[in-house]
Undergrad: 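Questions regarding the structure given below will be posed in turn.
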Amino acid sequence: MPPSADLRTLLERPVLEVAPLLLGATLRNGKVACRLTEVEAYDGPNDPGSHAYRGPTPRNSVMFGPAGHLYVYFTYGMHWCANVVCGLQGSASAVLLRAAEIVDGIDAARSRRPAARADRDLARGPARLCQALGIGREHNGHDLTTDPLTLEPSRACRDVRTGPRVGLRDAADRPWRFYLPDEPSVSAYRPAARLRGRP
DNA sequence: GCTCCGATTATCT
DNA sequence: GATAATCGGAGCG
């Protein structure tokens, strides 16, 4: 059985099973590779925190397709973030890649992330992760079994922590953020945007 | 380490 | 027209 079939079988499982299993996996784009340390699950139309909550739109259409493809979206007027589509086709579930440790091509990653003070900041946060790996709009819909941008699962990590998802206004109570303990690359938890000038 | 705040625009209501 | 699955810099401790 080719590795690509393994990956698909893994990713077709329910998103809440897939998300913790992606911790420790290697995401590679050409010569830069990283080991995932933090992810979040988004459970399709059932999940008020998901981009799929209000049904299909041009932006989220990749989420409604088959597992194993990348859903890349643009946010806050300047940042790209990447998700791995998972679950059965049509479930519109996905795992947001929130943080990682660079394990190969660190010089290239540094030059893409001039603002990073330390190596642990290179892929600390979903938009930083995309920047370090050179992921952008051209990768929306990309099949992760296809070079040069690939995902290689690892053995399941023993010690997986969970907590609330970062930056969400809705469904902030669901503990669907998964991360590895004692990893310097895990991003800081921030609750949903503060209400400015209003109690 | 923390908190506050501005940047900047695709997307959807 | 409002919002957003964020980031970096300034200021404080």
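Labels below follow one simple rule: chain letters A, B, ... track the order of the sequence lines, proteins then strands, and each chain is numbered from 1.
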Undergrad: Check this one for me: any side-chain N or O of A/Arg98 less than 4.0 Å away from OP1 or OP2 of C/dT6?
TA: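 Yes, within the criterion.
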Undergrad: Given C/dT3, C/dT6, B/dC12, which nucleotide is nearest the side-chain atoms of A/Arg169?
TA: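 Selected nucleotide: C/dT3.
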Undergrad: Would one find a side-chain N or O of A/Arg177 under 4.0 angstrom from OP1 or OP2 of C/dA5?
TA: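 No, no such contact exists.
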Undergrad: Do A/Leu96 and A/Tyr73 have side chains that approach each other closer than 4.5 Å (heavy atoms only, starting at C-beta)?
TA: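 Yes, side chains in contact.
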Undergrad: Under a 3.5 Å limit for both distances, which nucleotide forms a Watson-Crick or G-U wobble pair with B/dC4, could you say?
TA: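 Paired with C/dG9.
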Undergrad: Distance check needed: C/dC7 P versus A/Leu122 CG, whole Å only.
TA: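 After rounding, the gap between these two atoms is 13 Å.
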Undergrad: Within a radius of less than 6.0 Å around CG of A/Asp173, do more than 12 heavy atoms belonging to other residues, nucleotides or ligands occur?
TA: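 More than 12 within 6.0 Å, yes.
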Undergrad: Check whether any side-chain N or O of A/Arg124 sits under 4.0 Å from OP1 or OP2 of C/dC7, and answer yes or no.
TA: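 Negative; the distance criterion is not met.
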Undergrad: What is the distance, rounded to the nearest whole Å, between atom CG of A/Asp43 and atom C1' of C/dA5?
TA: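 After rounding, the gap between these two atoms is 15 Å.
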Undergrad: Using atom CG of A/Asn60 as one end and atom C1' of C/dA5 as the other, report the distance to the nearest whole Å.
TA: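 From A/Asn60 CG to C/dA5 C1': 13 Å.
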Undergrad: For the side chain of A/Met78, counting heavy atoms from C-beta on, which of C/dT6, B/dA7, B/dA10 is nearest?
TA: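 Nearest listed nucleotide: B/dA7.
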Undergrad: Measure from the side chain of A/Pro126, starting at C-beta and using heavy atoms only, and say which of C/dC7, C/dA4, B/dC12 lies closest.
TA: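 Selected nucleotide (nearest to the side chain): C/dC7.
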Undergrad: A/Trp80 has an atom CH2; how far is it from atom C1' of B/dA10, in whole Å?
TA: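 It is 8 Å, rounded to the nearest whole Å.
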Undergrad: A/Thr57 side chain: which of C/dG8, C/dT6, B/dC12 is closest?
TA: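 Shortest atom-to-atom distance from the side chain points to B/dC12.
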Undergrad: Tell me if a side-chain donor or acceptor on A/Arg174 pairs with a main-chain N or O of A/Arg165 at a distance below 3.5 Å.
TA: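 Pair absent, no side-chain N/O of A/Arg174 close to backbone of A/Arg165.
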Undergrad: Would you kindly give the OH-to-P distance between A/Tyr73 and B/dT11, to the nearest whole Å?
TA: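 Distance check: A/Tyr73 OH to B/dT11 P gives 13 Å.
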Undergrad: So does A/Thr145 get a backbone contact from the side chain of A/Asp143, meaning a donor-acceptor N/O pair under 3.5 Å?
TA: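 Looks like yes, one N/O pair under 3.5 Å.
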Undergrad: Just compare B/dC12, C/dC7, C/dA5 and give me whichever is closest to any side-chain atom of A/Arg190.
TA: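 For the A/Arg190 side chain, the nearest candidate turns out to be C/dC7.
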Undergrad: Any heavy-atom pair between the side chains of A/Ile102 and A/Leu133 that's under 4.5 Å?
TA: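 They are in side-chain contact.
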Undergrad: Quick one: on DNA chain C, does A/Ala116 or A/Ala94 contact a more 5' nucleotide (nearest heavy atom)?
TA: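 The 5'-side residue here is A/Ala94.
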Undergrad: To the nearest Å, how far apart are A/Arg113 CZ and C/dT6 P?
TA: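 So the two atoms are 14 Å apart, to the nearest Å.
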Undergrad: Of the options C/dC7, B/dG1, C/dA5, whose atoms approach the side-chain atoms of A/His51 most closely?
TA: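 Ranking C/dC7, B/dG1, C/dA5 by closest atom to the A/His51 side chain puts C/dA5 first.
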Undergrad: Would you call the rings of A/Trp80 and A/Phe74 parallel, tilted or perpendicular if under 30° counts as parallel and over 60° as perpendicular?
TA: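 Judged by the thresholds at 30° and 60°, the geometry between A/Trp80 and A/Phe74 is tilted.
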Undergrad: Closest to the A/Arg54 side chain: C/dT6, B/dG1, B/dT13?
TA: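 For A/Arg54, the side-chain atoms sit closest to B/dT13.
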Undergrad: Picking from C/dC7, B/dT9, C/dA4, which would you name as closest to the side chain of A/Phe74?
TA: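 Closest nucleotide among those given: B/dT9.
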Undergrad: Roughly, in whole Å, what's the span from OH in A/Tyr53 to C1' in C/dA5?
TA: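 Rounded to the whole Å, the gap is 16 Å.
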Undergrad: Whole-Å distance between C/dA5 P and A/Glu38 CD?
TA: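 So the CD-P distance, A/Glu38 to C/dA5, works out to 16 Å.
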Undergrad: Looking at every strand, decide which applies to A/Arg165 at a 4.0 Å heavy-atom threshold: base, sugar-phosphate, or nothing.
TA: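 If one applies the 4.0 Å heavy-atom cut-off, A/Arg165 turns out to touch nothing in the nucleic acid.
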Undergrad: Could you check whether the side chain of A/Tyr76 and the base of B/dA7 have a donor-acceptor pair of N or O atoms closer than 3.5 Å, going by distance alone?
TA: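 No pair found.
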